[in-house]
Amino acid sequence: MMIQFREVTKIYDNITALRRVSFSIGKGEYVFVTGPSGAGKSTLLKLIYLAEKPDEGSISIAGYSTDTLKERAIPYLRRNIGVVFQDFKLLENKTVYDNIAIALRIRGVGEREIRERVHEALKLVNLRHKADNLPSALSGGEQQRVTIARAIVGEPTVLLADEPTGNLDVDNAAGIMKIFSEIHAKGTTIVFATHNRDLYRNTGKRVIKLDSGNIVYDDME
Amino acid sequence: MLYSFKVALRSLWFYRWINLLSILSIATGLFIFGVVLFSLYNIERATHRAPEKFTITVFLKDRAKESEIQSLVNRLSDEKLISRVKYISKDEALRELKESLKDAAYVLEGLDENPLFPSIEIKLKEDAFNRRDVDYFIKRLRRLDVVEDVFYGEDIFSSIKSLYRNFRVASILLIVLFSVAIVFVSYSTVKILFFKRAEEIEIYKLLGATKGFIRGPFIFEGTMIGLFGGLIGSAGLLALFDLLKGLGNPEIPLVRMLVLPPEIVAVIPVSGLILGLIGSVIAIGRLRY
Ligand SMILES: Nc1ncnc2c1ncn2[C@@H]1O[C@H](COP(=O)(O)OP(=O)(O)OP(=O)(O)O)[C@@H](O)[C@H]1O
Ligand SMILES: [Mg+2]
């Protein structure tokens with residue numbers, strides 16, 4: 001199992017974002033997480049990339065359990081998880097190129113290899129011509145594509161995407177869905193959070209539906 | 001490592017005004033630090049030359065006759081308190097002074113007449129030492145006709161010593177105080193830079209950056225602020241020393257005797273580096289994931 005939740009509860013202040021949630025996702029699976037706004041989709045992803053800790057229950061990722069995980073190991077685990085953040089989390093004072101390159105710099109990759117891989121990632125999301133721009137000079141959709149490029153440039157084993165097409169027009173969204181399919185074809189596990197039913201309808205993929213922190217549906221579409 | 005260093009250099013330049021201010025405050029602190037060490041060193045050197053404990057110097061009247069002096073020397077040699085007696089004539093005293101002044105000896109060239117007194121240097125027996133006997137002995141010496149004045153080494157020595165001791169305590173306090181201040185400057189500078197980049201750091205953590213990767217640039221930066229401050233402080237100390245030497249006009253041979261050992265010049269940037277490092281390490285504190 002790549003990702004396993006056992007009776008996971010997450011409470012913010014007095015809001016229960018997730019309540020006794022259990023599921024598991026196998027290696028190489030492509031799963032959609034859906035549900036209305038506030039259902040707990042982002043919280044579920046945050047628990048996977050260890051930005052939040054569960055209040056109850058346990059989570060294991062690639063064999064590492066949150067119960068026993070050493071703080072020291074967290075960065076190394078995160079390097080195997082690419083994340084497309086819902087709020088992008090781009091570095092405002094760095095160029096598009098540097099925003100993507102940083103994901104490799106923290107891994108200690110050499111600058112020559114970084115240049116190659118960043119340009120490849122930029123090509124994939126159709127943004128080669130914007131490499132030297134600052135994020136503030138980009139449209140919402142373009143910023144979102146930079147975030148996607150950063151998430152995949154490190155070739156993670158798990159890709160978490162939180163509304164990655166939320167700011168994109170239909171054509172661009174279709175382009176991104178195609179990129180995700182290609183990444184998935186290479187064996188990457190993908191967890192894709194969205195409330196847009198059009199993205200998973202008729203794909204035959206697994207869908208986990210949340211509502212108010214509970215799993216209300218978990219099956220093939 | 002190299003990347004951290006590059007990031008640190010870029011940040012040093014990007015926030016150059018904050019950094020410059022910190023470097024200058026650290027430089028000032030370390031400069032004073034250096035002045036204190038320099039003074040301490042020279043005072044210690046001076047006190048080392050001070051008369052020793054078991055020595056009495058008897059200054060003789062200028063008009064004392066050779067024969068009177070000789071008989072006094074002979075009589076003193078028989079005293080049970082005394083281990084050695086040495087007569088130093090006016091000429092010998094002048095020669096000795098010239099020697100101790102070394103290249104500043106020309107100071108004495110303008111003199112028509114030898115202004116020094118002849119003297120007798122008495123070395124006391126250390127085993128038979130008794131302060132009351134010594135005091136009585138000195139009193140007797142003072143009453144003699146040929147004697148101008150008597151100095152007992154320990155009196156001068158102990159007052160210089162206690163002065164030096166007080167100064168040393170004050171210096172250590174001052175150095176500790178300045179060290180704390182310098183650590184604080186480095187601490188607050190790095191803290192400010194750390195807060196300015198807090199959001200960036202959160203993102204780095206989420207992308208899988210290790211603590212070392214995040215800390216590295218800040219530690220380099222704090223260390224470099226300390227080092228640069230120290231280099232400027234050293235330069236200031238060298239400049240001050242040159243100025244003193246330049247001012248060292250012939251009437252103040254004391255200035256000419258000042259020494260600035262290279263160890264002190266070197267220890268300032270090193271202290272800056274270490275204190276800057278300590279400050280930045282404290283500033284970053286424990287990173288949590
Ligand atoms: N940091 C937080 N502090 C307090 N409450 C939070 C926090 N993050 C999320 N919540 C609450 O937890 C619940 C689930 O939030 P979450 O972001 O997981 O929803 P979501 O399904 O991603 O919604 P959306 O589709 O709008 O992104 C919401 O009620 C939200 O208000
Ligand atoms: Mg969300």
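Lettering of chains follows the sequences in order, A, B, ..., and the numbering in each one begins at 1.
- In this structure, chain B has no heavy atom under 4.5 Å from any part of A:Ile81.
- Contact check for A:Arg79 versus B:Thr210: side-chain heavy atoms found under the 4.5 Å cut-off.
- By the neighbour-count criterion of 12 heavy atoms within 6.0 Å, atom CZ of B:Phe14 is sparsely surrounded, having that number or fewer from other residues, nucleotides or ligands.
- In this structure a side-chain-to-backbone donor-acceptor pair under 3.5 Å is missing from A:Arg78 to B:Leu207.
- At most 12 non-hydrogen atoms from other residues, nucleotides or ligands lie less than 6.0 angstrom from OH of A:Tyr64.
- Contacts between B:Leu206 and chain A at a heavy-atom distance below 4.5 Å involve backbone atoms as well as side-chain atoms.
- In terms of heavy-atom proximity, B:Tyr204 sits nearest to A:Ile106 at O-CD1, 4.4 Å.
- More than 12 heavy atoms of other residues, nucleotides or ligands lie within 6.0 Å of CD in A:Glu111, so this atom counts as buried by the packing criterion.
- Residue A:Asn93 touches chain B through its side chain alone, counting heavy-atom pairs closer than 4.5 Å.
- Partner B:Ile203 forms a side-chain contact (heavy atoms from CB on, under 4.5 Å) with one of A:Asn99, A:Leu91, A:Ile102 and no other, that one being A:Leu91.
- The environment of CZ in B:Phe184 is sparse: at most 12 heavy-atom neighbours from other residues, nucleotides or ligands sit within 6.0 Å.
- Across A:Arg105, A:Glu92, A:Arg72, the residue that shares the most heavy-atom pairs under 4.5 angstrom with chain B is A:Arg105.
- For the pair B:Glu202 and A:Lys89, the salt-bridge criterion is not met [side-chain N within less than 4.0 Å of a carboxylate O].
- We find that A:Lys94 and B:Glu200 are joined by a salt bridge, their nearest charged nitrogen and carboxylate oxygen being less than 4.0 Å apart.
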